[in-house]
Amino acid sequence: MEVDTPKISSGLEGIYITNSNICKVDGINGRLWYRGYSIEALAENSNFEEVSYLLIYGALPDAEQMEAFSKKLKQYRELSQTTIDILSRMVGRADPMDILRTAISALPADDKDAYENSDDQNARKSIMLISKVASITATIGRMLAGKTYVKPNGDLDHASNFLYMLNGSKPNERDSKVIDLMLVLHAEHATNASTFSAMVTGSTLADIYAAVTSGIATLKGPLHGGADENALKMMREIGTPANTEKYIDDALAGKKRIMGFGHRVYKTYDPRAKIIKKYLIESEDYSDDLKNLAAIALRAETLMIGRLGKTHGIWPNVDFFSGPVYLSIGIPLELFTPLFAVARTPGWCAHVLEYWKNNRLFRPLDFYTGALDIEYKKISER
Ligand code: ACO
């Protein structure tokens, strides 16, 4: 029976949709754990391949399991001619996130077991997706720079191979470390918008390719994965550290949102932003441009915390310091959001695989507030 005035939870805020053993976000104390391991411990000691295994299988791998997992990731790195054709037809004409989404949704064409949905096949497809999203994103970046597809390098780990396929040369140790760290920090974050969207698609028993395609589509928005790109654009608009205060105050007075600040769950400093900030300020060999961007970012951080931190719970989120750090390792702005998808793919897959163990179709309600039984008039009488 429908109640007269139900409680509407706009944006599903505060609603629990499932039990999960994947990720805990403590938004009050600014803490984050993947499968029980703190993000600080994983950032310090682990790498993206190991974190992907942890998310998909629920426990850290031993040496043998790690080797087998890395081998499978490598096996799927190479792109098919179908994928390369899609990318070459779209690059330069569509947003990189639209290109990535299209290429991922076309992958079943190359997978003879695409519609086999056993647990083993779904785990295999998840590993394939982690690998392909990275190779596709790197190749989009290459094509945006007017260059052609580079085959993967089997000697390199996942993160280093991403930079290799993007730049056509082996990365140095610092760049490999930074990109790997960024992937670890973005790999998982509970039922955020894109993960929820992947779960909704999964809950219809559509396959994992469809679920990850939904995740990518949802990640694109500036309120979610697109925020780092927009935060960097804002830093460029600000121009100089001295202009930061005026820019922030004018923006807030005009009710504009400052990208890279605020979070639905964290009402304090995002622990991932703290780790990224350390990398930003610890780098000594920045260009003048990067030093300027870093100075603007630090000034904006202080100002925003002063204006809205303690009073409104609006603090830097994971996206605020990411842009300058990506630039420091040569990642162009257009790839920031696709790179977020590279990182988040294991998180999306882990949630869909977990949800399938106790699947129930998502079907929330809306409360209809329109008219009923309106007299129908033929088009000629309207
Ligand atoms: N700058 C200025 N004001 C803000 C900001 C911000 N970044 N974020 C929230 N506010 C203000 C809102 O204007 C609103 O003010 P009001 O009550 O006077 O109208 C109040 O704070 C509450 O905002 P909501 O949008 O209701 O809060 P919500 O929990 O939905 O916000 C969100 C979360 C969407 C992330 C928001 O903080 C935002 O738009 N941030 C900027 C975009 C961003 O950085 N997104 C990345 C998030 S992390 C991620 O997805 C990986």
Side-chain angles (χ1 to χ4, degrees), residues 8-15 23 25-28 30-32 34 39 97 182-198 214-235 237-238 244-277 296-297 299-326 333 335-348 351:
I8 306 281
S9 183
S10 179
L12 292 180
E13 184 165 1
I15 301 291
C23 180
V25 183
D26 175 351
I28 302 301
R31 300 288 318 275
L32 170 65
Y34 298 168
I39 193 64
M97 283 299 275
M182 296 300 274
L183 295 179
V184 167
L185 295 177
H186 288 81
E188 163 55 17
H189 212 235
T191 43
N192 56 87
S194 57
T195 301
F196 178 55
S197 156
S214 290
I216 295 170
T218 307
L219 187 70
K220 182 183 176 188
L223 295 187
H224 188 16
D228 51 5
E229 199 177 314
N230 287 297
L232 185 74
K233 282 182 188 157
M234 179 188 77
M235 290 171 203
E237 242 176 84
I238 292 174
T244 314
E245 185 159 9
K246 181 174 168 15
Y247 183 98
I248 298 271
D249 285 341
D250 286 354
L252 293 179
K255 294 263 167 220
K256 266 174 71 180
R257 278 170 194 238
I258 309 297
M259 292 292 139
F261 286 87
H263 198 276
R264 176 61 63 77
V265 184
Y266 292 120
K267 298 304 169 197
T268 184
Y269 216 116
D270 182 331
R272 302 164 299 174
K274 277 189 189 163
I275 298 171
I276 299 172
K277 179 183 166 185
I296 293 169
R299 183 82 190 108
E301 176 212 23
T302 308
L303 289 164
M304 281 294 284
I305 291 174
R307 306 282 193 276
L308 297 175
K310 291 207 175 82
T311 47
H312 292 73
I314 294 170
W315 295 78
N317 62 48
V318 68
D319 286 324
F320 188 60
F321 296 112
S322 300
V325 171
Y326 284 141
L333 181 84
L335 279 203
F336 289 3
T337 316
L339 192 51
F340 197 152
V342 173
R344 190 52 62 83
T345 302
W348 290 328
H351 279 275

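All ligand and atom numbering here is 1-based and tracks the order in the structure. Excluded from the calculations below are hydrogen atoms, water molecules and symmetry mates; all remaining heavy atoms, backbone and side chain alike, are included.
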Asp228 backbone acceptor or donor facing Asn230 side chain under 3.5 Å: no
Checking heavy atoms under 4.0 Å, the part of Phe340 that sits near ligand 1 is side chain
among protein heavy atoms, the one nearest atom 12 (C) of ligand 1 is Arg257 NH2, 3.5 Å
Review point. So is Leu252 polar-close to ligand 1, meaning N/O to N/O under 3.5 Å?
Key: no
Rounding to 0.5 Å, atoms CZ (Arg264) and CG (Leu223) come to a distance of 9.5 Å
The protein heavy atom nearest to atom 50 (O) of ligand 1 is His224 ND1, 2.8 Å
| Taking side chain as C-beta onward, heavy atoms only, is Leu219 less than 4.5 Å from Met97? | yes
Under-4.0 Å heavy-atom contact between protein and atom 20 (C) of ligand 1: no
Nearest non-hydrogen protein atom to atom 40 (N) of ligand 1, with distance, is Phe261 O, 2.9 Å
Note: His189, heavy atoms under 4.0 Å from ligand 1, region reported as neither
Any protein heavy atom < 4.0 Å from atom 1 (N) of ligand 1:
yes
The closest protein heavy-atom partner of atom 48 (S) of ligand 1 is His263 CD2, 3.6 Å
Note: Ile314, heavy atoms under 4.0 Å from ligand 1, region reported as side chain
Of all protein heavy atoms, the one nearest atom 6 (C) of ligand 1 is Ile258 N, 3.6 Å
By salt bridge (Lys or Arg N to Asp or Glu O under 4.0 Å), Asp270 pairs with (sequence neighbours left out) Arg272
Of all protein heavy atoms, the one nearest atom 43 (C) of ligand 1 is Ala227 CB, 3.5 Å
In this structure, atom 30 (O) of ligand 1 is nearest to the protein heavy atom Arg264 NH2, 3.0 Å
Any heavy atom of Leu223 under 4.0 Å from ligand 1? The part involved is both
Is Asp319 close to ligand 1, meaning an N/O of one under 3.5 Å from an N/O of the other?
no
The protein heavy atom nearest to atom 42 (C) of ligand 1 is Met259 SD, 3.5 Å
| request: Give me the ring orientation class for Trp315 and Tyr269: parallel if the planes are under 30° apart, tilted from 30 to 60°, perpendicular past 60°. | output: tilted
